[in-house]
Number of protein chains: 2
Amino acid sequence: MTQDKKTYHHGDLRQSLLQAATQIIRDGGVDALSMRKLADNVGVSRTAPYHHFKDKNELLCAIAEAGFADHIRAVSELPQQHPDLEPRLLFELYVLGYIRFADANPETYDLMFGKEIWKLGQPTESLKGISKCCFQHWLEWIETLQDAGILTDKHPTLRVAQASWATLHGLCRLLNDGIYVNREDLEEMGKTAAAMLLAQAGT
Amino acid sequence: MTQDKKTYHHGDLRQSLLQAATQIIRDGGVDALSMRKLADNVGVSRTAPYHHFKDKNELLCAIAEAGFADHIRAVSELPQQHPDLEPRLLFELYVLGYIRFADANPETYDLMFGKEIWKLGQPTESLKGISKCCFQHWLEWIETLQDAGILTDKHPTLRVAQASWATLHGLCRLLNDGIYVNREDLEEMGKTAAAMLLAQAGT
DNA sequence: CGATCAATCTTGACACCGTCAAGTTATTAC
DNA sequence: GTAATAACTTGACGGTGTCAAGATTGATCG
């Protein structure tokens with residue numbers, strides 16, 4: 001637990017806190033993270049973290065923010081890695097990528113898109129910013145797919161983006177929240193969902 | 001708070017607890033519910049509830065269970081109320097009904113389909129039962145729609161059911177968790193989602 | 001270099017929480 | 001009427017987030 005203390009001033013406590021918190025959350029879920037345990041974990045007193053984060057909510061926001069950064073990076077790389085792939089397959093790839101991210105980082109995903117921050121807490125301005133940016137990416141891509149004729153353009157881009165995102169999000173939630181869905185079925189479900197969303201190409 | 005106490009034995013404490021708990025949750029969310037406040041609320045000591053529910057988890061399960069009962073009842077009524085409606089429109093109606101339920105009872109919905117019980121806690125056997133039954137209904141209906149040719153039969157019924165359910169669930173979560181979605185857009189989003197899921201009729 | 005100031009970290013305290021153990025009271029079964 | 005049992009009580013333990021006030025240190029300026 002308590003690391004050997006050397007100096008009164010820690011040095012880069014903020015960074016250490018974020019790192020330790022991320023680890024704790026990865027191991028035992030968001031609920032396993034308490035400010036006190038966290039402080040003890042980095043070898044500092046209970047209330048020391050409050051000099052770097054206004055409250056627990058702000059800490060969680062910071063972690064979520066890092067999650068968005070990861071997510072955006074992963075997504076941006078996709079089209080570059082597969083430059084000549086048919087849009088339909090690229091879409092499926094994206095869907096699978098999204099789901100895999102949620103599966104690999106369930107707790108981070110929970111923070112990014114869960115009520116803990118967005119409903120019960122208060123998202124930081126910078127968190128709002130990066131998440132908005134993330135959705136913007138999605139929106140633009142949906143528009144591209146509409147233009148390419150593989151997603152319906154009978155409905156506004158915003159609605160199509162919301163509805164398709166909801167599908168991905170729903171899959172991830174069902175999985176991560178432990179409701180019915182088995183992990184082994186994940187890929188297949190993702191493919192089915194992708195197919196159902198795309199299927200109206202001809203319409 | 002504390003009601004006037006008449007007898008040592010309350011009489012039907014279990015029922016009173018459920019009722020009060022439901023109210024508290026409706027008012028202030030699941031997090032507003034504490035065993036202590038609940039007990040105080042019905043005029044009984046802190047630990048009295050533990051003679052009727054093993055722990056908080058069991059209480060929540062009981063509430064969720066009631067939610068499923070309501071939900072199933074509402075859904076079952078639908079086809080009867082609109083006996084001669086075209087299946088496509090009936091599907092849209094179902095989608096809207098599902099979303100409206102989640103919108104009208106956000107906290108109950110959260111309990112029914114949230115990680116609080118299914119991942120962090122332990123669903124009661126009877127809760128598992130009724131939720132399974134609920135999904136079974138959905139599954140059967142999806143099959144009907146596949147047979148009627150308005151939902152794809154290129155994928156197994158189970159997968160189509162999961163994918164379409166995920167879409168509804170995702171919409172509800174985005175709404176209830178306070179992520180991006182505006183309540184005013186709800187109906188329109190539901191319709192878009194329904195349309196996208198159904199659109200492959202011709203395929 | 002020395003004094004000051006602000007940042008950083010500490011201990012103490014408060015009001016909550018879930019729930020276990022042991023004791024009290026009322027109801028039921030014989 | 002007595003014994004058993006179910007319902008309910010108080011007391012206690014260890015946990016939580018975070019506020020207030022004090023201690024320590026590094027940085028800044030004369």
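Everything numeric here is computed off the predicted structure, so don't read it as measured data. Per chain, numbering begins at 1; letters A, B, ... match sequence-line order.
A salt bridge does not link B:D40 to B:R46: none of the charged side-chain nitrogens sits closer than 4.0 Å to a carboxylate oxygen.
Rounded to an integer number of Å, the gap from A:Y50 OH to D:dT18 C1' is 5 Å. We find that CG of A:D31 is positioned 14 Å from P of C:dG18, with the value rounded to whole Å. Whole-Å rounding puts the A:R14 CZ to C:dC9 P distance at 13 Å. If you measure from atom CG of A:L33 to atom P of D:dT18, you get 11 Å, rounded to the nearest angstrom. Atom CG in B:L17 sits roughly 13 Å away from atom P in C:dG18 (whole-Å rounding). For the pair A:D40 CG and C:dC9 C1', the interatomic distance rounds to 15 Å; values are reported in whole Å. We find that NZ of A:K56 is positioned 14 Å from P of D:dC19, with the value rounded to whole Å. Rounded to an integer number of Å, the gap from NZ of B:K54 to C1' of C:dG18 is 13 Å.
Across all strands shown, A:S45 has heavy atoms under 4.0 Å from base atoms, whether or not it also approaches the sugar-phosphate. Within the nucleic acid shown, A:K37 comes within 4.0 Å of sugar-phosphate atoms alone, with no base atom in reach, counting heavy atoms only.
Scanning for salt bridge (charged side-chain N to carboxylate O under 4.0 Å, His left out) contacts around A:D147 gives an empty result, with sequence neighbours left out. Partners of A:F101 by ring pair (Phe, Tyr, Trp, His ring centres under 6.0 Å), not counting sequence neighbours, listed by chain and number: A:H71. With sequence neighbours left out, the salt bridge (charged side-chain N to carboxylate O under 4.0 Å, His left out) criterion links A:E77 to no other residue.
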Enumerate donor-acceptor pairs with a distance under 3.5 Å from any side-chain N or O in residues 129-139 of chain A to protein atoms, sequence neighbours excluded.
{"unit_1": "A:S131", "atom_1": "OG", "unit_2": "A:L127", "atom_2": "O", "d": "3.4"}
{"unit_1": "A:S131", "atom_1": "OG", "unit_2": "A:K128", "atom_2": "O", "d": "3.0"}
{"unit_1": "A:W138", "atom_1": "NE1", "unit_2": "A:A161", "atom_2": "O", "d": "3.0"}

Distance-only check: which donor-acceptor pairs under 3.5 Å involve side-chain atoms of residues 24-38 of chain A, not counting sequence neighbours?
{"unit_1": "A:D27", "atom_1": "OD1", "unit_2": "A:Q23", "atom_2": "NE2", "d": "3.1"}
{"unit_1": "A:S34", "atom_1": "OG", "unit_2": "A:K37", "atom_2": "N", "d": "3.0"}
{"unit_1": "A:K37", "atom_1": "NZ", "unit_2": "A:A32", "atom_2": "O", "d": "3.1"}

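When distances are taken from the side chain of A:H51 to each of C:dG18, C:dC9, D:dG17, the shortest belongs to C:dC9. Nearest to the side-chain atoms of A:T47 among the listed nucleotides C:dT8, D:dA20, C:dC20 stands D:dA20. Of the candidates D:dT9, C:dG12, D:dG17, C:dG12 carries the atom nearest the A:R46 side chain, counting heavy atoms from C-beta on.
A donor-acceptor contact under 3.5 angstrom links the side-chain atoms of B:R36 to the base of C:dG18.
Here the two rings, on A:Y94 and A:H82, have centers that are 6.0 Å apart or farther.
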Taking Watson-Crick and G-U wobble pairs with both distances under 3.5 Å, convert DNA chain C into its dot-bracket string, 5' to 3', dots for unpaired and | for cross-strand pairs.
-> ||||||||||||||||||||||||||||||
